[in-house]
Trainee: 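I am attaching a structure below and will ask some questions about it afterwards.
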Amino acid sequence: LQEQLEENWDIVMHIRGFSDVGIFFDWCSLWQSPRTPEQLKSFKRALPAINLWYAHSDTFVWLVTDALVPHADGRTLGYADKGWTMFEAALARKIKGDSFDQITELGDALGITIETPMPPNEPLAFFKRHRYGNQVYTNGADQDTIVAPLYKRATEDILGGVKELNYLAENWDDVHAARLGLVLPLCVSLRTLSLKDAGLTARGLRAILESVIDDNALSKLKEFDISENPEVGDDGACALGAALKKQGALENLRGRHVFYCNLTATGLRVILEHAGNDETCPKLQDLCLYGNSRYIDDEVRALVTAFEQ
């Protein structure tokens with residue numbers, strides 16, 4: 001940890017422009033059992049704010065993942081087996097997007113790298129029968145009384161206020177897209193969503209858009225980038241066209257980037273027909289479609305001209 005702080009101090013203090021920082025050591029910085037009545041009060045005051053240390057977009061998080069600890073049942077538990085440690089890792093990866101220099105794994109138990117930003121987990125992820133529902137806790141009651149409800153509340157609060165999600169990846173699949181679709185309805189303040197070069201397919205894009213189209217969850221979205229996803233194709237363009245067609249779904253959209261998505265004249269036509277609709281997309285000003293089909297028919301040319309005007 002000392003080595004990491006020394007290596008990153010200039011980045012934190014100078015490049016990032018911070019003049020003061022706080023350092024939080026989990027477990028060590030909170031009173032642990034057995035606690036006096038005053039220590040318990042301090043612990044309870046601190047617990048609701050613990051999410052900020054991991055999830056805030058300006059924090060740097062170092063995860064010590066190689067430590068092994070014995071459990072009461074005789075097993076030896078690693079970082080990925082325990083509830084509290086995975087709670088911390090999941091929060092740290094929630095909205096930092098492509099700024100993965102802010103998350104460093106001191107070990108190799110999780111395999112966190114800058115190339116693999118993942119979509120946020122759904123709010124119920126730490127409840128039983130969900131993604132992290134089988135994690136182990138020293139105090140078995142922690143899961144139901146502290147960790148699972150705390151993660152749910154943190155997810156709702158964090159995603160409800162996030163204004164930008166930026167994912168640059170090369171190894172997403174339809175499962176990752178579906179996971180993003182699960183939480184996007186919570187992102188009611190989202191202004192920018194970038195999925196450039198994220199490995200999106202038409203099916204994945206449809207899953208994302210269908211999750212938000214009915215309740216207009218992305219009505220505040222201004223910038224939407226799905227460029228450099230060649231598997232989107234015309235089927236993905238149809239899904240995007242359906243979202244653009246829906247009244248109120250993307251009414252504040254001002255810029256949309258769909259270049260190098262392997263669209264033919266058919267896909268371009270679908271997008272342009274709805275992009276030029278003053279009722280459903282009244283604020284759209286910037287539409288980037290270059291790098292798609294070179295076989296543009298007269299109808300598409302006319303639609304481009306109409307949009308430009």
Side-chain angles (χ1 to χ4, degrees), residues 90 93-95 97-98 115-125 127 129-132 152 155-156 158-160 162 164-253 255-264 266-268 270-271 274-275 280-281 289 292:
R93 304 181 78 182
K94 188 166 290 295
I95 62 169
D98 66 344
E115 290 84 12
T116 56
M118 295 289 109
N121 292 296
E122 46 105 6
L124 303 180
F127 283 94
R129 295 184 296 277
H130 289 263
R131 187 178 186 192
Y132 296 116
K152 178 178 182 294
T155 299
E156 293 169 346
I158 293 167
L159 295 184
V162 70
E164 179 177 356
L165 289 175
N166 189 358
Y167 296 106
L168 297 173
E170 296 181 356
N171 60 346
W172 273 28
D173 55 27
D174 292 341
V175 174
H176 293 117
R179 280 175 51 193
L180 180 60
L182 280 176
V183 299
L184 273 182
L186 299 174
C187 302
V188 294
S189 300
L190 195 64
R191 303 293 195 274
T192 301
L193 176 58
S194 177
L195 297 167
K196 181 179 179 181
D197 191 24
L200 278 183
T201 66
R203 182 179 179 183
L205 180 59
R206 187 177 299 276
I208 290 171
L209 293 171
E210 287 181 349
S211 69
V212 296
I213 193 172
D214 289 335
D215 56 5
N216 297 341
L218 295 185
S219 61
K220 294 183 179 180
L221 192 69
K222 294 182 178 181
E223 299 288 336
F224 186 33
D225 188 350
I226 58 168
S227 56
E228 299 184 32
N229 288 293
E231 296 299 315
V232 166
D234 289 343
D235 287 343
C238 290
L240 185 55
L244 292 170
K245 183 179 179 181
K246 172 72 165 52
Q247 185 79 35
L250 296 170
E251 62 185 8
N252 281 297
L253 197 63
R256 187 153 48 90
H257 305 277
V258 198
F259 53 87
Y260 294 115
C261 285
N262 202 28
L263 307 187
T264 69
T266 300
L268 294 170
V270 170
I271 291 176
H274 300 301
T280 58
C281 297
L289 296 170
N292 288 293

Trainee: Quick one: OG on Ser219 to CD1 on Ile213, what's the gap to the nearest 0.5 Å?
Mentor: 12.5 Å
Trainee: Kindly determine whether Arg256 and Ile271 satisfy side chain to side chain contact (heavy atoms under 4.5 Å, CB included), including the steps that lead there.
Mentor: CA-CA 10 Å; Arg256 187 153 48 90; Ile271 291 176; 3.0 Å; yes
Trainee: For the atom pair CD (Glu231) and CG (Asp174), what is the distance rounded to the nearest 0.5 Å?
Mentor: 10.0 Å
Trainee: Would Ser227 and Tyr260 satisfy side chain to side chain contact (heavy atoms under 4.5 Å, CB included), going step by step from the backbone distance to the final call?
Mentor: CA-CA 6 Å; Ser227 56; Tyr260 294 115; 5.9 Å; no
Trainee: Using every non-hydrogen atom in the two residues, find where Ala243 and Ala249 come nearest and quote the distance to one decimal.
Mentor: O-CB, 3.5 Å
Trainee: Quick check: does any side chain N or O of Asp234 sit under 3.5 Å from a backbone N or O of Leu263, one acting as donor and the other as acceptor?
Mentor: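 Side chain of Asp234 to backbone of Leu263, a donor-acceptor pair under 3.5 Å: no, none is there.
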Trainee: Taking all non-hydrogen atoms of both residues into account, name the closest pair between Trp172 and Ala177 and its distance.
Mentor: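 What the structure gives for the nearest pair is CE3-N, 4.4 Å.
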Trainee: Going by heavy atoms in the side chains, are Asn166 and Thr192 under 4.5 Å from each other?
Mentor: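 Heavy-atom side-chain distance check fails, nothing below 4.5 Å.
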Trainee: Under a 3.5 Å distance rule, please check whether Arg191 uses its side chain to pair with a backbone N or O of Ser189 as donor and acceptor.
Mentor: yes
Trainee: Checking side chain to side chain contact (heavy atoms under 4.5 Å, CB included) between Leu209 and each of Leu244, Leu240, Ile226, Leu184, which is the one that passes?
Mentor: Leu240
Trainee: With rounding to the nearest 0.5 angstrom, report the SG to CD distance, Cys281 to Gln247.
Mentor: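 That separation rounds to 9.5 Å.
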Trainee: Would you check, one step at a time, whether the test side chain to side chain contact (heavy atoms under 4.5 Å, CB included) holds for His257 with Phe224?
Mentor: CA-CA 6 Å; His257 305 277; Phe224 186 33; over 6 Å; no
Trainee: Just by modelled atom types, is the Leu195 backbone N or O under 3.5 Å from a matching donor or acceptor in the Asn229 side chain?
Mentor: yes
Trainee: For atom NZ of Lys246, decide whether the heavy atoms of other residues, nucleotides or ligands shown that lie under 6.0 angstrom number more than 12.
Mentor: yes
Trainee: Would you please test Asn262 and Val232 for side chain to side chain contact (heavy atoms under 4.5 Å, CB included) and show each step?
Mentor: CA-CA 7 Å; Asn262 202 28; Val232 166; over 6 Å; no
Trainee: Minimum heavy-atom separation for Asn121 and Arg179, please, with both atom names.
Mentor: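 Looking at all heavy atoms of both residues, the closest pair is OD1-NH2, 3.3 Å.
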Trainee: Kindly give the heavy-atom pair with the smallest separation between Pro185 and Asp215, and that separation in Å.
Mentor: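 Reported closest heavy-atom pair: CB-OD2, 4.2 Å.
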Trainee: In Å and rounded to the nearest 0.5 Å, what is the OG1 to NE2 distance from Thr280 to His274?
Mentor: 8.0 Å
Trainee: Is it the case that the side chain of Asn292 and the backbone of Val258 share a donor-acceptor pair, with hydrogens and angles ignored and the cut-off at 3.5 Å?
Mentor: yes
Trainee: In Å and rounded to the nearest 0.5 Å, what is the CD to SG distance from Glu164 to Cys187?
Mentor: 12.5 Å
Trainee: Measure across Tyr132 and Ala90 and return the closest heavy-atom pair with its distance rounded to 0.1 Å.
Mentor: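 Looking at all heavy atoms of both residues, the shortest contact is CE1-CB, 4.4 Å.
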Trainee: Are any non-hydrogen side-chain atoms of Thr155 and Lys152 less than 4.5 angstrom apart?
Mentor: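 Thr155 vs Lys152: side chains apart.
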Trainee: In Å and rounded to the nearest 0.5 Å, what is the CG to CZ distance from Asp235 to Arg203?
Mentor: 12.5 Å
Trainee: Checking Ser211 side chain against Gly181 main chain: does a donor-acceptor pair fall under 3.5 Å?
Mentor: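 Flag set: sc Ser211 to bb Gly181 pair under 3.5 Å.
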Trainee: I need the minimum non-hydrogen distance between Leu205 and Gly236, along with the two atoms involved.
Mentor: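 So the minimum-distance heavy-atom pair works out to CD2-O, 3.6 Å.
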